[in-house]
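Below is one structure, written out as structure tokens, with a few remarks after it.
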Amino acid sequence: MRGRAIFALVFVVCAGLLGVAFYMEHVMGLEPCPLCWLQRFGFMGVGMVSFVAALHGPGQLGLRVYGLLLAVTAGAGLGVAGRQLWLQSLPADQVPACGPSVDYMLEVLPWAEVLSTALRGTGDCATVVWRFLGLSIPGWTALFFALLVILGLAMLLHRGKPKGWIAG
């Protein structure tokens, strides 16, 4: 596959994952916690980088730059998913207290405090409300983010003439 096609595929995958997230929220009734929202923003960031890269059709240097942006954006999402997985692994007596909803925090708190509170996570973030093949929602997002980090790093570190799989 060529670089433009890879970035287009990543964009479509991110859009699909966001579609699943909104389906789970609005159809299945699963309320997203603050860390879930941050993971959505991570997929939005990866999707935007991929969309721009697909439109641009970069050469070798551009592939490295977009690969770095992809790895950094997906890495941030992986960190957030990892934080939520850690919260989910805590014994019940060590789980932080549940906090206010994201909507409420956005209405009454400054952005910096909303982000700080969201990154700390709340008791809501430690609750496992859905599993598929033994993985919770942040488990699946961590898997996708890890694959995207690997793809971004592969693009960043690729040397020499294009051999077809990431050529512009």
Side-chain angles (χ1 to χ4, degrees), residues 1-86 88 102-103 106 111 114-115 118-119 121 124-125 127-168:
M1 284 182 80
R2 298 194 169 278
R4 186 177 285 214
I6 290 172
F7 284 116
L9 178 62
V10 169
F11 172 75
V12 168
V13 167
C14 287
L17 290 170
L18 289 167
V20 168
F22 288 114
Y23 175 85
M24 291 176 130
E25 178 181 358
H26 296 290
V27 176
M28 295 173 63
L30 303 179
E31 187 68 31
C33 72
L35 290 176
C36 292
W37 276 105
L38 291 176
Q39 290 168 71
R40 287 182 185 186
F41 291 136
F43 282 120
M44 288 177 197
V46 169
M48 286 190 296
V49 167
S50 300
F51 182 73
V52 170
L55 289 178
H56 179 216
Q60 274 304 108
L61 177 60
L63 281 172
R64 289 192 178 116
V65 171
Y66 286 121
L68 175 63
L69 292 172
L70 183 70
V72 168
T73 308
L78 180 59
V80 172
R83 171 80 174 153
Q84 188 168 4
L85 287 170
W86 176 76
Q88 289 181 347
V102 174
D103 293 333
L106 288 172
W111 278 97
V114 171
L115 183 60
L119 285 172
D124 299 339
C125 299
T127 305
V128 178
V129 294
W130 181 88
R131 285 189 187 274
F132 180 69
L133 299 177
L135 287 178
S136 63
I137 295 170
W140 283 105
T141 61
L143 178 66
F144 279 103
F145 279 129
L147 292 172
L148 292 166
V149 167
I150 292 167
L151 177 62
L153 291 175
M155 291 179 169
L156 174 66
L157 300 174
H158 182 71
R159 299 280 185 233
K161 290 193 163 222
K163 296 192 176 27
W165 78 276
I166 61 170

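This structure is a prediction, so every number in the text was calculated from the model and none was measured. The chain is numbered in sequence order, starting from 1. The analysis underlying the following values was restricted to heavy atoms, covering all of them including side chains, and did not include hydrogens, waters or symmetry mates.
- Heavy-atom minimum distance, L85 versus S136: CD2-OG, 3.8 Å.
- Closest approach of T141 and A81 over heavy atoms only: OG1-CB, 3.6 Å.
- Side chains of I137 and M24 form a contact here, defined as non-hydrogen atoms less than 4.5 Å apart.
- Of all heavy-atom pairs between A54 and A8, the closest is CB-N, 3.8 Å.
- Partners of A76 under the side-chain contact (heavy atoms from CB on, under 4.5 Å) rule, at least two apart in sequence or in another chain, do not exist in this structure.
- Legend: residues meeting side-chain hydrogen bond (donor to acceptor under 3.5 Å, both in side chains) with T73, ordered by chain and number and at least two apart, are absent.
- Using cut-offs of 30° and 60° on the angle between ring planes, the pair F41 and W37 is tilted.
- Legend: salt bridge (Lys or Arg N to Asp or Glu O under 4.0 Å) pairs involving residues 66-79, not counting sequence neighbours: none detected.
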Inset, instruction - Please lay out, stage by stage, how L17 and W140 fare under the test side chain to side chain contact (heavy atoms under 4.5 Å, CB included). - result: CA-CA 10 Å; L17 290 170; W140 283 105; over 6 Å; no
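- Listed by first and then second residue, the salt bridge (Lys or Arg N to Asp or Glu O under 4.0 Å) pairs involving residues 32-46 are E25-R40 (not counting sequence neighbours).
- Of the possible polar contacts, one joining the Q39 side chain to the L35 backbone as a donor-acceptor pair under 3.5 Å is found.
- Pairing each heavy atom of P58 with each of F7, the nearest pair is CG-CE1, 4.4 Å.
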Donor-acceptor contacts, no H, no angles, side chain residues 143-155, under 3.5 Å, sequence neighbours left out:
none

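- Listed by chain and residue number, F51 satisfy the side-chain contact (heavy atoms from CB on, under 4.5 Å) test with L55 (two or more places apart in sequence, or in another chain).
- To the nearest 0.5 Å, atoms CG (L63) and CG (L68) are separated by 12.5 Å.
- Among residue pairs with one or both ends in residues 45-56, those qualifying as side-chain hydrogen bond (donor to acceptor under 3.5 Å, both in side chains) are H56-Y66; sequence neighbours excluded.
- Within a 6.0 Å radius of OH in Y23, no more than 12 heavy atoms belonging to other residues, nucleotides or ligands are found.
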